[in-house]
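Worksheet for the structure shown next.
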Protein chains: 2
Amino acid sequence: MTKLDETDRKIIRALQREGRLSNQHLSQRVNLSPSPCLRRVRNLERAGVIDGYAAIVDQEAYGLPVTVFLQVRLDRHSQDTVTAFETAVAGIDEIMECYLMAGDRDYLLRVVVASLADYEEFIRRRIHKIPGIASLDSSFAFGVVKRSQVLPG
Amino acid sequence: MTKLDETDRKIIRALQREGRLSNQHLSQRVNLSPSPCLRRVRNLERAGVIDGYAAIVDQEAYGLPVTVFLQVRLDRHSQDTVTAFETAVAGIDEIMECYLMAGDRDYLLRVVVASLADYEEFIRRRIHKIPGIASLDSSFAFGVVKRSQVLPG
DNA sequence: ACAATATTGGTAGAATCTGCCAATCATAAT
DNA sequence: ATTATGATTGGCAGATTCTACCAATATTGT
């Protein structure tokens with residue numbers, strides 16, 4: 001993939017806001033005719049710049065009002081321990097995001113569950129089963145102030 | 001909105017994974033004919049369970065490889081201070097997410113920028129301008145281990 | 001200026017969406 | 001059991017949209 005020009009960025013911004021925009025509407029929003037607009041979108045998809053599309057679901061309406069940030073420290077950072085942890089994380093549905101952090105080589109996870117009781121379950125049944133964890137620190141979110149799908153720039 | 005039944009959940013799961021699925025494909029994936037399937041989708045949209053659709057963009061490919069988690073503490077929690085902060089946050093594009101946290105009444109922000117230099121700029125020009133901030137703590141992410149659009153359950 | 005390459009706009013046929021209608025299913029009351 | 005009620009379903013036709021081509025235009029490098 002070569003560089004993104006301003007039209008590509010306009011397309012990306014529009015589709016981050018409205019992922020199901022029809023190609024016709026998209027094309028007039030970026031001052032292009034439908035053909036080249038669609039071709040640009042497909043190129044962005046093939047190049048992996050656009051990695052997919054997703055419905056944005058209201059956690060509470062879906063019955064998952066509890067968000068917890070969980071910080072994890074591993075006791076060793078051998079390849080085995082790290083791989084085991086990251087593989088486990090990939091398979092746990094309640095973990096929506098997981099970042100490898102600088103500093104104390106921690107992980108930061110965003111966990112979504114239906115209730116506090118379910119969170120305890122989650123820790124016991126999913127996290128404590130993973131080997132090599134040195135410490136856990138849970139921070140509960142009271143609510144979401146902002147959540148954007150549109151990258152800056 | 002009444003309760004979500006299993007078909008609704010199947011629809012939601014499918015659209016979280018593939019937000020641009022055509023209604024025809026979606027309908028056969030949930031064992032329904034296109035008409036009732038589309039009606040369910042529209043109902044979920046109107047009820048706000050499906051809050052929208054978004055293209056998922058690769059941060060690095062888009063030129064924004066740096067993710068920082070920024071913890072903020074306000075010096076007072078008067079209505080004015082809180083409102084000023086949350087309004088400011090809403091208007092800053094680099095802040096992709098902001099949560100109000102339990103514990104020390106902090107905020108946790110996910111910030112996306114192009115470089116460390118830009119992050120310093122961001123702190124100076126955007127965050128330090130907001131009144132009422134008592135402390136800041138930045139944690140840098142080395143990378144993303146997992147990022148899911150599909151809620152559990 | 002010229003050639004080579006990339007990008008654009010248009011078009012027709014296939015696929016899709018949309019808003020209706022009648023048929024079916026589930027529930028509850030008599 | 002039977003009937004009535006309401007909700008949900010499936011099918012259909014017109015309008016919209018997508019897709020894969022083509023020639024025309026713009027851009028780039030020499």
Side-chain angles (χ1 to χ4, degrees), chain A residues 1-64 114 149-153, chain B residues 1-64 114 149-153:
Chain A
M1 185 76 190
T2 137
K3 209 81 190 296
L4 303 177
D5 64 14
E6 189 47 39
T7 304
D8 289 323
R9 288 174 178 267
K10 273 195 216 167
I11 289 173
I12 289 169
R13 276 193 291 267
L15 288 177
Q16 283 177 318
R17 269 184 262 271
E18 295 177 61
R20 293 206 66 148
L21 219 45
S22 81
N23 182 58
Q24 302 206 327
H25 288 153
L26 176 61
S27 68
Q28 57 196 61
R29 206 165 296 192
V30 303
N31 298 320
L32 225 56
S33 74
S35 290
C37 183
L38 181 63
R39 204 163 327 119
R40 277 169 181 268
V41 172
R42 293 291 177 260
N43 284 341
L44 291 167
E45 289 168 355
R46 251 181 278 120
V49 181
I50 294 178
D51 207 38
Y53 301 86
I56 306 306
V57 175
D58 183 311
Q59 277 185 31
E60 305 210 3
Y62 192 67
L64 297 168
Q149 301 294 330
V150 185
L151 292 167
Chain B
M1 186 74 190
T2 135
K3 208 84 189 295
L4 303 177
D5 64 15
E6 190 47 40
T7 304
D8 289 324
R9 289 176 177 266
K10 274 195 217 167
I11 289 173
I12 290 168
R13 276 193 291 268
L15 288 178
Q16 283 177 317
R17 269 183 262 269
E18 295 177 61
R20 293 206 66 148
L21 219 45
S22 80
N23 183 58
Q24 301 206 329
H25 288 152
L26 176 62
S27 67
Q28 57 196 63
R29 205 165 296 191
V30 302
N31 298 320
L32 226 54
S33 74
S35 290
C37 183
L38 181 63
R39 206 164 326 122
R40 278 169 181 269
V41 172
R42 293 291 178 258
N43 284 341
L44 291 167
E45 291 168 354
R46 251 181 279 119
V49 181
I50 295 177
D51 207 38
Y53 301 86
I56 306 306
V57 175
D58 184 311
Q59 277 185 32
E60 304 211 3
Y62 192 67
L64 297 168
Q149 301 295 330
V150 184
L151 291 167

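Just so you know, these numbers come straight off a predicted model, no measurement behind them.
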Whole angstrom is fine here: how far is it from NZ in A:Lys3 over to C1' in D:dT28?
->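 For the pair A:Lys3 NZ and D:dT28 C1', the rounded distance is 17 Å.
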Value in whole Å for how far the P atom of C:dA26 lies from CG of B:Asp5 =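 Between P of C:dA26 and CG of B:Asp5: 13 Å.
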Can you check whether [Y]'s main-chain N or O pairs, donor with acceptor, with [X]'s side chain at less than 3.5 Å?
{"X": "B:Arg17", "Y": "B:Gln149", "value": "no"}
{"X": "A:Arg13", "Y": "A:Val150", "value": "no"}
{"X": "A:Asp51", "Y": "B:Asp58", "value": "no"}
{"X": "B:Arg29", "Y": "B:Ile11", "value": "no"}

Counting primed atoms, P, OP1 and OP2 as sugar-phosphate and everything else as base, the B/S/- map of nucleotides 10-21 of chain D against protein heavy atoms under 4.0 Å is BBB----SSBB-
Considering residues at least two apart in sequence or located in another chain, which fulfil the side-chain contact (heavy atoms from CB on, under 4.5 Å) criterion with A:Ser22?
->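 So A:Ser22 forms a side-chain contact (heavy atoms from CB on, under 4.5 Å) with A:Gln24, A:His25.
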